[in-house]
Amino acid sequence: MLMVDLIAKKRDGAELSKEEIEFIVEEYTRGGIPDYQMSAWAMAVFFRGMTPAETAHLTMAMARSGDTVDLSRIRGVKVDKHSTGGVGDKTTLVVAPLVAAAGVPVAKMSGRGLGHTGGTIDKLESIPGFAAELSPDAFVEQVNRIGIAVVGQTGNLTPADKKLYSLRDVTATVNSVPLIASSVMSKKIAAGADAIVLDVKAGSGAFMKTVGEAWKLASAMVDIGRSVGRRTVAVISNMDQPLGLAVGNALEVREAVDALRGEGPEDLTRLALTLGAHMVVLGGKAGSFKEGYEMLEKILKSGKALEKFRQFVAAQGGNPDVADRPAELLPKAPYRVTVPSPADGFVHGIQAEEIGLAAMTLGAGRATKESSIDPAVGIVLAKKIGDPVRRGEILAILHAGREDVTDIRQRVERAFDIRPERRKKPRLIHGVVE
């Protein structure tokens, strides 16, 4: 096969075969196809799209391009959960122990944050002593023993995807539904999941800015799951404002602990219960979503989910007392700066991405992969969309590592849209694709 012929075939809108897609992935991964030809192919896909069969073939070829994780030694149905990324999205910290407490094993690989979206591993590593690296045997043993382990992604998981994503990032071909869908699903399949629950974000703080775009992506990923024999459910959730109130690593861990105590923000708790309910259904512990949701509500109220979090943190070297004394044990920033409202009225909107970028500027996120982060800093909102506010009342509190953060305070103030008329609180769940 010649790559130039496959570029032309896709440029002209024809469907590539399984063998042709495998050739492209294998040759590009080993260096046999140069970046300029892969760029041309990615641009052809951007404009022409891919059929469901092509997308499934691309997903599996990328999943097999490097290491794959064998979870067969773990008892039970392994259900993975993935979010497409947002601001203040700490759902894994709540969902994982909640679902594990229901008897569904959680064997999860998570990533680090980049840009305005936070990473689960960064958040967990803000817990004193927590280790995000386990050997494969220790990983399996821990899940079989306590039902949960969350580790950083292996360095050689889906190398084809890593290489292609870096290329897409500099060739304006990132925003392609089949390429996004295959990127996400290849990692989940390589990570060994039997079933997958996806949290597809839609809104100003998400990659997919509209609900329509999120529906297309969710449908494409569910189609891939079905095509390759993985039961997959996608929940489309709102990211027009940060999830919960806290944005920043240690701050989000503290809020997740509050949620596990049954005292967390309503939107975070409801989304965690929704995602978890789908996971326990796929894991065979509930017969319906309603049954799963009610089961998890009882577990949350009983304290079993918080106890599972405590076991999980201890098993990976962290201080389990963080479940009881998070304010005392988690890192704290030396300065707190309030952001006052410039007017009376109601919060009509919050630019979630701006809040995320402001938190990144404080040091809570990475501008590049090489950037270091400060686990203590971040932003805690005092108001959400629909809330009334008076002039001078606090909109948010900056947890900062330096005293002068005037520019960031002004940026956060501008992210809030205050208007005289009341606005209803936005819908949290837009829909579910099964």
Side-chain angles (χ1 to χ4, degrees), residues 81-96 98-99 116-118 120 197-219 221-222 233-247 252 255-256 258-281 288-290 292-297 299-301 305 346-356 379-388 396 415-417 422-434:
K81 171 257 172 195
H82 175 80
S83 168
T84 56
V87 181
D89 184 9
K90 70 283 293 177
T91 49
T92 293
L93 304 181
V94 182
V95 172
L98 183 60
V99 170
H116 74 279
T117 60
T120 297
V197 173
L198 301 162
D199 180 12
V200 182
K201 303 291 189 185
S204 65
F207 187 72
M208 312 308 283
K209 301 300 182 186
T210 69
V211 176
E213 290 174 333
W215 271 104
K216 289 179 184 177
L217 178 59
S219 298
M221 291 193 289
V222 170
V233 173
V235 175
I236 300 169
S237 67
N238 189 304
M239 189 41 71
D240 271 329
Q241 62 180 337
L243 182 65
L245 300 171
V247 182
E252 292 189 45
E255 187 167 83
D258 287 342
L260 289 167
R261 287 175 174 163
E263 301 168 357
E266 189 273 339
D267 57 347
L268 171 61
T269 301
R270 187 149 60 92
L271 181 57
L273 288 168
T274 298
L275 297 170
H278 286 293
M279 291 176 74
V280 296
V281 170
S288 67
F289 172 80
K290 183 175 184 292
Y293 196 99
E294 291 173 351
M295 174 196 300
L296 295 182
E297 281 186 309
I299 289 172
L300 198 61
K301 289 175 183 175
F346 298 88
V347 179
H348 188 81
I350 302 174
Q351 296 177 38
E353 185 172 353
E354 280 299 299
I355 298 294
I379 300 168
V380 177
L381 305 183
K383 299 290 181 180
K384 298 285 288 277
I385 293 175
D387 289 344
F416 281 81
D417 180 10
R422 180 185 292 274
R423 179 190 166 181
K424 289 196 302 185
K425 291 186 182 295
R427 188 175 184 176
L428 177 64
I429 308 294
H430 293 296
V432 178
V433 180
E434 298 186 68

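Keep in mind that this is a model prediction, so the values were computed, not measured. Each residue takes its place number in the sequence, starting with 1.
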Report the C-alpha distance between Val200 and Val433 in whole Å, list the side-chain angles of each, state the deciding distance to 0.1 Å, and finish with yes or no for side-chain contact (heavy atoms from CB on, under 4.5 Å). CA-CA 10 Å; Val200 182; Val433 180; over 6 Å; no
Does a salt bridge link Glu213 with Lys209, judged by any charged N lying under 4.0 Å from a carboxylate O? no
Considering residues at least two apart in sequence or located in another chain, which fulfil the side-chain hydrogen bond (donor to acceptor under 3.5 Å, both in side chains) criterion with Glu354? Arg411
For the atom pair CD1 (Ile355) and CD1 (Ile379), what is the distance rounded to the nearest 0.5 Å? 5.0 Å
Answer yes or no: is there a donor N or O on one side and an acceptor on the other, between the side chain of Lys383 and the main chain of Phe416, under 3.5 Å? no
To the nearest 0.5 Å, what is the distance between CG (Leu428) and CG (Leu243)? 7.0 Å
Hey, is Glu294 close enough to Lys290 for a salt bridge, meaning N to O under 4.0 Å? yes
Can you tell me how far the OG1 atom of Thr210 sits from the NE2 atom of His430, to the nearest 0.5 Å? 9.5 Å
Carefully, step by step, assess Met239 and Thr84 under the rule side-chain contact (heavy atoms from CB on, under 4.5 Å). CA-CA 11 Å; Met239 189 41 71; Thr84 56; over 6 Å; no
Would you find a donor on one side and an acceptor on the other, under 3.5 Å apart, between the side chain of Lys424 and the backbone of Gly386? no
Spatial distance of atom CG (Asp199) from atom CD1 (Ile429) [nearest 0.5 Å]: 7.0 Å
Neighbour count >12 (heavy atoms, 6.0 Å) for atom NZ, Lys425: yes
If you look at every heavy atom in Asp240 and Asn238, which pair is closest and at what distance? N-OD1, 2.6 Å
Criterion side-chain contact (heavy atoms from CB on, under 4.5 Å) on Leu300 and Leu296, from CA distance to verdict: CA-CA 6 Å; Leu300 198 61; Leu296 295 182; over 6 Å; no
When every non-hydrogen atom of Leu275 is compared with those of Leu198, the smallest separation belongs to CD2-O, 4.4 Å
Gap between atom CE of Met208 and atom CG of Leu217 - 0.5 Å precision: 5.0 Å
Should the pair Asp258-Arg261 be classified as a salt bridge under the 4.0 Å nitrogen-to-oxygen rule? yes
For Ala352 and Val87, the nearest pair of non-hydrogen atoms, with its separation, is O-CG2, 3.3 Å
Rounded distance (nearest 0.5 Å) linking atom CG of Asp387 with atom NE2 of His348: 14.0 Å
So Asp267 and Lys384, side-chain contact (heavy atoms from CB on, under 4.5 Å) or not? Walk me through it. CA-CA 11 Å; Asp267 57 347; Lys384 298 285 288 277; 2.8 Å; yes
Can you give me the closest heavy-atom contact between Phe289 and Thr274, atom names plus distance? CE1-O, 3.5 Å
Passing option when Val95 is tested against Val99, Thr92, Leu93 for side-chain contact (heavy atoms from CB on, under 4.5 Å): Val99
Taking all heavy atoms of Val222 and all of Glu434, pick out the closest pair and write down the distance. CG1-C, 3.9 Å
Quick check: closest heavy atoms across Pro426 and Gln241, and the distance to 0.1 Å? CG-NE2, 3.5 Å
More than 12 non-hydrogen atoms from neighbouring residues, nucleotides or ligands closer than 6.0 Å to NZ on Lys216, yes or no? no
